[in-house]
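As the structure is a prediction and not an experimental result, all values here were calculated from the model. So you know, we letter chains A, B, ... as the sequences are listed, proteins then strands, and number each from 1.
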Amino acid sequence: MGPENAMTATTTTAQHTVLVSAPDFDPSAVFENGQCFRWERQPDGVWAGIAHGRRLRLRKDGEDLLLIGASIDEMDTLWRRYFDLDRDYTAIRTAFLQDTPLARAVAFAPGLRLLRQEPWETLCSFILSQNNNIPRIKGIIDRLCTAFGTPIPGGGFTFPLPEALAGLSVEELAPVRCGFRAKYVLDAARKVVDGTVQLEQLSAMPLDDARAALQTIHGVGPKVADCALLFGCGRLDCFPVDVWVRRILAAYYPNGFPEALRPLGGIAQQFLFHYERCHAASSK
DNA sequence: TACCAGGGCCTTT
DNA sequence: AAAGGCCATGGT
């Protein structure tokens with residue numbers, strides 16, 4: 001871990017708030033760059049989300065990240081990993097400075113980071129994300145969780161396990177209103193439940209084997225597979241190519257993405273994607 | 001190979 | 001208010 005951004009200082013305040021130093025964690029960049037769908041900014045600036053079957057609220061106070069409603073134990077066993085707090089992003093950003101487009105993207109949003117999300121939720125979410133826009137994706141996932149997840153004390157629902165979906169029919173999924181994606185979600189759930197696709201193995205398999213395994217699911221192509229591997233299995237060398245990224249590659253990397261940065265290609269892609277989307281004509 | 005369905009949100013007109 | 005663009009995958 002990097003010395004100067006080591007996030008080891010952890011203290012507790014009243015009502016189970018855990019405080020951790022995280023100078024390069026920018027919630028709006030982290031939660032609004034398309035990698036996750038269950039985090040929302042509340043009017044008071046606090047971010048509320050559900051992951052690992054738990055509700056969590058969070059806010060940034062200067063360089064400190066405050067996890068509201070978390071215990072020290074949860075911090076160490078769950079959230080430190082989920083928020084990727086032990087990765088040396090200072091070193092990563094430094095490596096990116098050698099590349100002009102990346103240096104610009106890093107300067108624009110230095111607090112952008114990857115979350116380490118759960119494999120099934122990530123796979124299922126990105127199946128639902130295909131040919132779709134973010135507001136609608138969030139609505140679909142919300143309805144899926146409400147209909148088939150488990151209630152969480154204090155409000156909200158867990159993301160439904162594959163076991164909760166595998167036995168359903170397309171008709172039973174109708175209230176979720178995910179259209180033609182319903183049959184894709186059901187095929188994914190069934191293949192995970194019957195062991196055809198072993199999610200826990202995907203983080204260690206040769207990358208092409210992992211991609212091929214995911215793409216045996218009806219409705220999972222190269223883009224969805226790479227999103228599931230990058231965001232849900234920690235495969236940082238995965239580089240999901242959508243329309244935006246295709247545009248970026250054509251515009252800035254006519255000779256291909258630098259070989260030396262390939263092992264961190266997924267993180268690079270997030271910086272480039274975030275910069276480009278925030279500078280698109282329609283978002284000005 | 002090229003094209004198109006699907007559906008809801010968005011921007012532009 | 002209405003029209004048109006967008007989008008990942010599978011099917012034709």
Using the salt bridge (Lys or Arg N to Asp or Glu O under 4.0 Å) rule, take A:Lys60 and A:Asp26 through it: C-alpha gap first, then chi angles, then the decisive distance, then the call. CA-CA 8 Å; A:Lys60 195 73 189 297; A:Asp26 172 3; over 6 Å; no

Please state how far atom [atom1] in [X] lies from atom [atom2] in [N], giving the value in whole angstrom units.
{"X": "A:Ile140", "N": "B:dG7", "atom1": "CD1", "atom2": "P", "result": "11 Å"}
{"X": "A:Tyr184", "N": "B:dG7", "atom1": "OH", "atom2": "P", "result": "12 Å"}
{"X": "A:Asp187", "N": "C:dG11", "atom1": "CG", "atom2": "P", "result": "11 Å"}
{"X": "A:Gln130", "N": "C:dC7", "atom1": "CD", "atom2": "C1'", "result": "9 Å"}
{"X": "A:Arg277", "N": "C:dC7", "atom1": "CZ", "atom2": "P", "result": "10 Å"}
{"X": "A:Asn132", "N": "B:dC10", "atom1": "CG", "atom2": "P", "result": "11 Å"}
{"X": "A:Arg143", "N": "B:dG7", "atom1": "CZ", "atom2": "P", "result": "13 Å"}
{"X": "A:Leu128", "N": "B:dC9", "atom1": "CG", "atom2": "P", "result": "15 Å"}

Go through the structure and list residues passing ring pair (Phe, Tyr, Trp, His ring centres under 6.0 Å) with [X], not counting sequence neighbours.
{"X": "A:Phe126", "answer": "A:Phe37, A:Phe231"}
{"X": "A:Phe157", "answer": "none"}
{"X": "A:Tyr253", "answer": "A:Phe257"}

For [Y], is there any backbone N or O sitting under 3.5 Å from a side-chain donor or acceptor partner on [X]?
{"X": "A:Glu118", "Y": "A:His52", "value": "yes"}
{"X": "A:Asn133", "Y": "A:Arg136", "value": "yes"}
{"X": "A:Gln42", "Y": "A:Ala48", "value": "no"}

Interatomic distance, CG@A:Leu202 vs CZ@A:Arg235, rounded to 0.5 Å, equals 8.0 Å

Check: Atom CD1 in A:Ile267, atom CG in A:Leu102: separation rounded to 0.5 Å?
Finding: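 If we round to the nearest 0.5 Å, A:Ile267:CD1 and A:Leu102:CG are 11.0 Å apart.
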
Requested in this report: Identify, residue by residue, the members of residues 211-235 of chain A with a heavy atom below 4.0 Å from DNA chain C, and return them in order of residue number, or none.
Outcome: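 Nucleic-acid contacts, sorted: A:Ile217, A:His218, A:Gly219, A:Val220, A:Gly221, A:Pro222, A:Lys223, A:Val224.
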
query: Taking the same atom, P, in B:dG6 and in C:dA2, what whole-Å distance lies between them?
result: 23 Å

B:dC3 and C:dG5, which share atom name P, separated by this distance in whole Å
16 Å

With B for base contact, S for sugar-phosphate-only contact and - for none (protein heavy atoms under 4.0 Å), nucleotides 1-6 of chain C reads ------

Close N or O pairs between protein and nucleotides 1-6 of chain B (under 3.5 Å):
residue : atom : partner  : partner atom : Å
B:dG6   : N7   : A:Asn131 : ND2          : 3.1

> Do the numbers put A:Arg113 on top of the ring of A:Tyr89, so that NZ or CZ is under 6.0 Å from the six-membered ring centre and no more than 45° off the axis?
Replying inline: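 Positive - A:Arg113 is close enough to the ring of A:Tyr89 and near enough to its axis.
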
Contact between A:Arg181 and A:Asn132 at the side-chain level, heavy atoms closer than 4.5 Å - yes or no? yes

